[in-house]
Visitor: 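This is the structure I have questions about; it appears just below.
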Amino acid sequence: FIMWNGIIIFAVLAVLIGIAVTAWNKKIDPNQLKQFVPPYIHRMKERERIKKELEIARKVQLSFLPNEVPRYPGIEVSTVCIPANEVGGDYFDFIDLGDDKFGVVIGDVSGKGIPAAFHMTLTKGFLKAQVKESYSPRDVLVKMNELFYENVRRGNFISMIYGVFDLKDQSFTFSRAGHNPVIIRSDQKQKIEQLCPKGIALGLEKGAVFGRFIEEMQIKISKNDMFVLYTDGVSEAMNDDKIEFGEDRLENIVKANSYLSAKEMIELIQQKIRDFVGNTAQHDDMTMIIVKIL
């Protein structure tokens, strides 16, 4: 009896050892292992991958925005750009044109996320190339529209304002491609105005209509004038009741506090928007440029 039990135990051990040796020598298909990994592990890894890619895209996008504002005697410039997501489609920039001239641009690309950020960086390249060819904001935007239409799929567009401050001539010349109006608080007139020359967004039309429609406006600037350029994420910020902050509130803030510096004005507007929206999540990118003549 003891002998037969020993033989059985030995046989069982031999079989187990044989199975182990066979499994050790057999190459296991990695795809077979996936079936033993819980689905939530795959989802966690995918979210982590997307998060890393978005962080890289955010760093690339921020590298395309200006590190500092223009510094000229007699002006003060302040900016803020707050993406709604990890990456956004709002764009602003400054261009030193020499001879006490500098260009200012603000734009809002259709859509959000990585595609919008890609189109924003593409637009920056178009702009940098065109400002070397002409001082006219209208001519720059006309050429940019052609390039944008040729290189971007239909359905994508960007609203934009491009203007030039001439500190010698004491003037501001700009064109508006379907963007929000420029708000100006004129010290001489003691009132708020919206500057709205005609224009349609870049990329909506090949060029014939765009060129006929877009206008260029020039105004004289004087001491204590304040210019406010912004994207619709500012005026369309909503509270829990789905009520928008609106351009009227923005204009009233500027009108009542025009004695503030450009930096103080931007900080005040941001605080007023935060107070208005409360805990409501930001749904669109918010960008603003304020230029004050000293």
Side-chain angles (χ1 to χ4, degrees), residues 65-82 90 92-107 131 135-138 160-176 179-197 199 215-235 237 245-276 286-294:
L65 297 177
N67 294 321
E68 57 183 22
V69 299
R71 299 184 183 278
Y72 293 95
I75 65 161
E76 182 193 11
V77 182
S78 189
T79 67
V80 65
C81 182
I82 308 172
D90 278 8
F92 75 96
D93 208 349
F94 304 102
I95 302 154
D96 186 359
L97 300 172
D99 199 26
D100 286 336
K101 295 185 182 74
F102 73 91
V104 57
V105 59
I106 188 168
V131 295
Y135 283 130
S136 165
R138 179 190 177 279
M160 179 175 286
I161 285 175
Y162 174 58
V164 176
F165 282 93
D166 187 332
L167 302 180
K168 282 186 177 180
D169 189 48
Q170 289 292 290
S171 66
F172 176 58
T173 307
F174 77 104
S175 288
R176 185 178 71 99
H179 198 76
N180 302 82
V182 176
I183 293 175
I184 175 175
R185 198 280 180 181
S186 172
D187 190 65
Q188 288 186 345
K189 297 179 181 179
Q190 289 292 303
K191 68 176 184 178
I192 291 284
E193 292 182 278
Q194 286 191 4
L195 306 181
C196 302
E215 295 178 339
E216 184 172 281
M217 176 182 288
Q218 183 179 78
I219 64 169
K220 287 294 183 180
I221 60 178
S222 59
K223 185 177 180 180
N224 293 325
D225 286 352
M226 182 172 284
F227 295 81
V228 182
L229 293 81
Y230 61 97
T231 59
D232 56 15
V234 174
S235 57
F245 187 74
E247 292 178 351
D248 288 342
R249 285 187 178 87
L250 180 59
E251 290 179 10
N252 288 335
I253 294 171
V254 176
K255 181 179 180 180
N257 301 277
S258 59
Y259 60 89
L260 295 177
S261 67
K263 184 175 185 296
E264 291 170 337
M265 181 63 78
I266 274 194
E267 291 173 348
L268 176 62
I269 293 172
Q270 285 183 269
Q271 185 59 55
K272 293 292 186 181
I273 292 175
R274 285 194 294 265
D275 294 341
F276 178 80
M286 292 194 295
T287 301
M288 194 173 351
I289 301 172
I290 292 185
V291 179
K292 185 168 186 178
I293 311 301
L294 302 178

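Since we're looking at a predicted model, the values are computed, not measured. The residues of the chain are indexed from 1 along the displayed sequence.
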Visitor: Please work out which of the three classes, parallel, tilted or perpendicular, describes the rings of Phe172 and Phe174, given edges at 30° and 60°.
Guide: parallel
Visitor: Are the side chain of Thr287 and the backbone N or O of Tyr230 linked by a donor-acceptor pair below 3.5 Å?
Guide: no
Visitor: Can you check whether Val291 reaches Phe165 side chain to side chain, under 4.5 Å on heavy atoms?
Guide: yes
Visitor: Run the numbers on Ile106 and His179 for side chain to side chain contact (heavy atoms under 4.5 Å, CB included), then give the verdict.
Guide: CA-CA 9 Å; Ile106 188 168; His179 198 76; 3.9 Å; yes
Visitor: Dump the intermediate steps for side chain to side chain contact (heavy atoms under 4.5 Å, CB included) on Phe92 and Val105, then the final yes or no.
Guide: CA-CA 5 Å; Phe92 75 96; Val105 59; 5.8 Å; no
Visitor: Main chain of Pro197, side chain of Glu215: is a donor-acceptor contact present, judged purely on distance under 3.5 Å?
Guide: no
Visitor: To the nearest 0.5 Å, what is the distance between OG1 on Thr173 and CG on Asp169?
Guide: 7.5 Å
Visitor: Roughly how far, to the nearest 0.5 Å, is CD1 of Ile290 from CD of Glu76?
Guide: 9.5 Å
Visitor: Would you say Met288 and Thr79 make side-chain contact, with heavy atoms under 4.5 Å?
Guide: no
Visitor: Do Val104 and Val77 have side-chain heavy atoms sitting under 4.5 Å apart?
Guide: no
Visitor: Rounded to the nearest 0.5 Å, how far apart are CD of Glu216 and CZ of Arg176?
Guide: 14.0 Å
Visitor: Return a table of donor-acceptor pairs under 3.5 angstrom between the side chains of residues 221-228 and protein atoms on other chains or two or more places apart.
Guide:
residue	atom	partner	partner atom	Å
Ser222	OG	Asp225	OD1	3.4
Ser222	OG	Asp225	OD2	3.2
Asp225	OD1	Asp187	N	2.9
Asp225	OD2	Ser222	N	2.9

Visitor: Quick test of your reading of the model: are Lys189 and Glu193 salt-bridged, counting only N-O distances below 4.0 Å?
Guide: yes
Visitor: Could you list the donor-acceptor pairs under 3.5 angstrom formed by side chains in residues 265-272, with sequence neighbours left out?
Guide:
residue	atom	partner	partner atom	Å
Glu267	OE2	Lys263	NZ	2.5
Gln271	OE1	Arg274	NH2	2.9
Gln271	NE2	Asp275	OD1	2.8

Visitor: Ignoring hydrogens and angles, tell me if any N or O in the side chain of Glu251 forms a donor-acceptor pair with the backbone of Asp248 under 3.5 Å.
Guide: no
Visitor: Given side chains that start at C-beta, do those of Tyr162 and Val131 come closer than 4.5 Å, heavy atoms only?
Guide: yes
Visitor: Using the side chain to side chain contact (heavy atoms under 4.5 Å, CB included) rule, take Ile273 and Met286 through it: C-alpha gap first, then chi angles, then the decisive distance, then the call.
Guide: CA-CA 11 Å; Ile273 292 175; Met286 292 194 295; 4.2 Å; yes
Visitor: Within a strict 4.5 Å, meaning less than it, do heavy atoms of the Pro66 and Phe94 side chains meet?
Guide: yes
Visitor: Of all the heavy-atom pairs spanning Pro137 and Gly163, show the shortest one and how long it is.
Guide: CG-CA, 4.3 Å
Visitor: Test side chain to side chain contact (heavy atoms under 4.5 Å, CB included) on Asn180 and Glu247; report intermediate values, then the result.
Guide: CA-CA 10 Å; Asn180 302 82; Glu247 292 178 351; 4.0 Å; yes
Visitor: Is the count of non-hydrogen atoms from other residues, nucleotides or ligands lying under 6.0 Å from Gln188 atom CD greater than 12?
Guide: no
Visitor: Please check if the side chain of Lys292 supplies one atom and the backbone of Ser258 the other of a donor-acceptor pair under 3.5 Å.
Guide: yes
Visitor: Who are the side-chain contact (heavy atoms from CB on, under 4.5 Å) partners of Lys101, not counting sequence neighbours?
Guide: Leu97, Asp99, Val164, Asp166
Visitor: Tell me whether the rings of Tyr72 and Phe102 are parallel (<30°), tilted (30 to 60°) or perpendicular (>60°).
Guide: parallel
Visitor: With rounding to the nearest 0.5 angstrom, report the CD1 to CD1 distance, Ile184 to Ile219.
Guide: 3.5 Å
Visitor: Looking at CD1 of Ile161 and OG of Ser175, how far apart are the two atoms once the value is rounded to the nearest 0.5 Å?
Guide: 9.5 Å
